[in-house]
Every structure is written in C-alpha cells, then in structure tokens.
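Note sheet for the following structure.
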Amino acid sequence: MPFRDYSPFFLPEELDALTAAYEAAWQHLRLNRPTLSAQQVRTLKRNLAQIILASAYAGKLNVEELKEIALRSVSGHSHWDRVARNWKLFRDEIKHKWGKLTDEDLIAINGRRKHLEGKIQERYGHAEDRVRNDVDDWLKTF
C-alpha cells in the first residue's frame, strides 16, 4: 500500500479512500497502456500516489474524484508533452478550437499549458476547472 507511511495524517477510512482511488486509477492505466516498461510503471505509480496525496491534503477525499484527478494529471502530461514539443504545428489546431486567441497569444504561450489555460480563461471568461477540462478533452482527440 503506497500510503501506509501517511497513516498518522489520515483517518483509516480516508486511507481506504486513497488506496481505492490509487488502485482504480492504476487498473485504468494498465488496461489503457498495456505496453509500459518497468521504469514507466514505477514512474506512473509514484506519480499517481503523489497526485492522490496532494489532492487528499487539499481536502479531496472522494474515491472517484481522486481517481479522476490522478488520471487527468498523468494522462494530460504525456499528451501535452507532445503538443509542447511540436507547438508550432499545434498552433493552428488551437486557433481553430479557441478562435478568440490571437496569434500574439499563441506566440507568447509558446507551448506552456498553464499559459494556454490562462489565456483561454482571459478571452472566454470561463472558470479554471472548466478550461482545464476543455484542454484535457481537446488533448484526447490526438
């Protein structure tokens, strides 16, 4: 159990929720990424545990919510890395999806996801969570 060292900080039922979220997220990843190397497995497991712990410390203790936060974080990073590496190629796609972004905005963003999300919030007036989900949904199309 990746959370046994944190038992002084959580109630037993909270640790059960963290463990259940971790196991559910890991099962989802194993089904959707069957060809992971041993190093990738170790890294993903560590990242899942860290994301779930950070979310739990922030007050999120619902199993399904913790699972979704963890999956969104580890999945979004790998897809975003591809976008960031090929930023110039993706600018047209982003401009098509979020037409209120200017060429100057896209140049300034320069492949940085947080900057993209901030500009989308600024131009469209959407909440941070909505923008993050919109970007995640867009990433899933690749």
Task: Least distance between heavy atoms, Ala56 atom then Leu18 atom - done: CB-CD1, 3.8 Å
Open item on the list: side chain to side chain contact (heavy atoms under 4.5 Å, CB included), that's the test. Do Val41 and Trp26 meet it? Break it down for me.
Closed with: CA-CA 10 Å; Val41 166; Trp26 178 242; 3.8 Å; yes
Task: Sidechain-backbone polar pair: Glu122 side chain, Lys119 backbone, donor-acceptor under 3.5 Å - done: no
- [ ] Check Ala49 against Pro2 and note the closest heavy-atom contact, atom names and distance.
- [x] CB-CB, 4.2 Å
Open item on the list: Just so I know, are the side chains of Trp87 and Ile94 near enough to count as touching, which here means a heavy-atom distance under 4.5 Å?
Closed with: yes
Open item on the list: Working note: Lys95 + Asp103, criterion salt bridge (charged side-chain N to carboxylate O under 4.0 Å, His left out); need CA distance, chi angles, decisive distance, verdict.
Closed with: CA-CA 8 Å; Lys95 181 93 181 218; Asp103 290 332; 3.3 Å; yes
- [ ] Using a strict cut-off of less than 4.0 Å between a Lys/Arg side-chain nitrogen and an Asp/Glu carboxylate oxygen, indicate whether Arg132 and Asp136 qualify as a salt bridge.
- [x] no
Task: Backbone N/O of Thr43 and side chain of Arg46: donor-acceptor pair under 3.5 Å - done: no
Task: Polar side chain donor-acceptor pair, Glu23 to Thr19, under 3.5 angstrom - done: no
- [ ] Search all heavy atoms of Leu71 against all heavy atoms of Ala25 and return the closest pair with its distance.
- [x] CD2-O, 3.6 Å
- [ ] Determine whether the side chains of Gln27 and Arg30 contain a donor N or O and an acceptor N or O closer than 3.5 Å.
- [x] no
Open item on the list: Taking the side chain as everything from C-beta on, heavy atoms only, tell me whether Leu53 gets closer than 4.5 Å to Gln50.
Closed with: no
TODO: Give me the ring orientation class for His126 and Tyr124: parallel if the planes are under 30° apart, tilted from 30 to 60°, perpendicular past 60°.
DONE: parallel
Open item on the list: Tell me the closest heavy-atom pair linking Ile107 and Arg91, and the distance in Å.
Closed with: CG1-NH1, 3.8 Å
TODO: Could you tell me whether Phe10 and Tyr57 have their ring centroids closer than 6.0 angstrom?
DONE: yes
Mind listing the side-chain donor-acceptor pairs of residues 59-68 below 3.5 Å, one per line with the distance, residues two or more places apart or on another chain?
from	atom 1	to	atom 2	distance (Å)
Asn62	OD1	Glu64	N	3.0
Asn62	OD1	Glu65	N	2.8

TODO: Test side chain to side chain contact (heavy atoms under 4.5 Å, CB included) on Glu128 and Gln121 and set out the steps.
DONE: CA-CA 7 Å; Glu128 182 179 342; Gln121 281 181 271; 3.6 Å; yes
Open item on the list: Any heavy-atom pair between the side chains of Trp98 and Leu106 that's under 4.5 Å?
Closed with: no
Task: Any Lys114 side-chain heavy atom under 4.5 Å of Ile109 side chain - done: no
Task: Within-4.5 Å side-chain heavy-atom neighbours: Glu14 and Phe9 - done: no
Task: Under the side-chain hydrogen bond (donor to acceptor under 3.5 Å, both in side chains) test, residues paired with Arg123 that sit two or more places apart - done: Asp105
TODO: Determine whether Asp134 and Ile120 make a side-chain contact, defined as any pair of heavy atoms from C-beta on separated by less than 4.5 Å.
DONE: no
TODO: Would you indicate whether the side-chain heavy atoms of Leu116 and Trp80 approach each other to under 4.5 Å?
DONE: yes
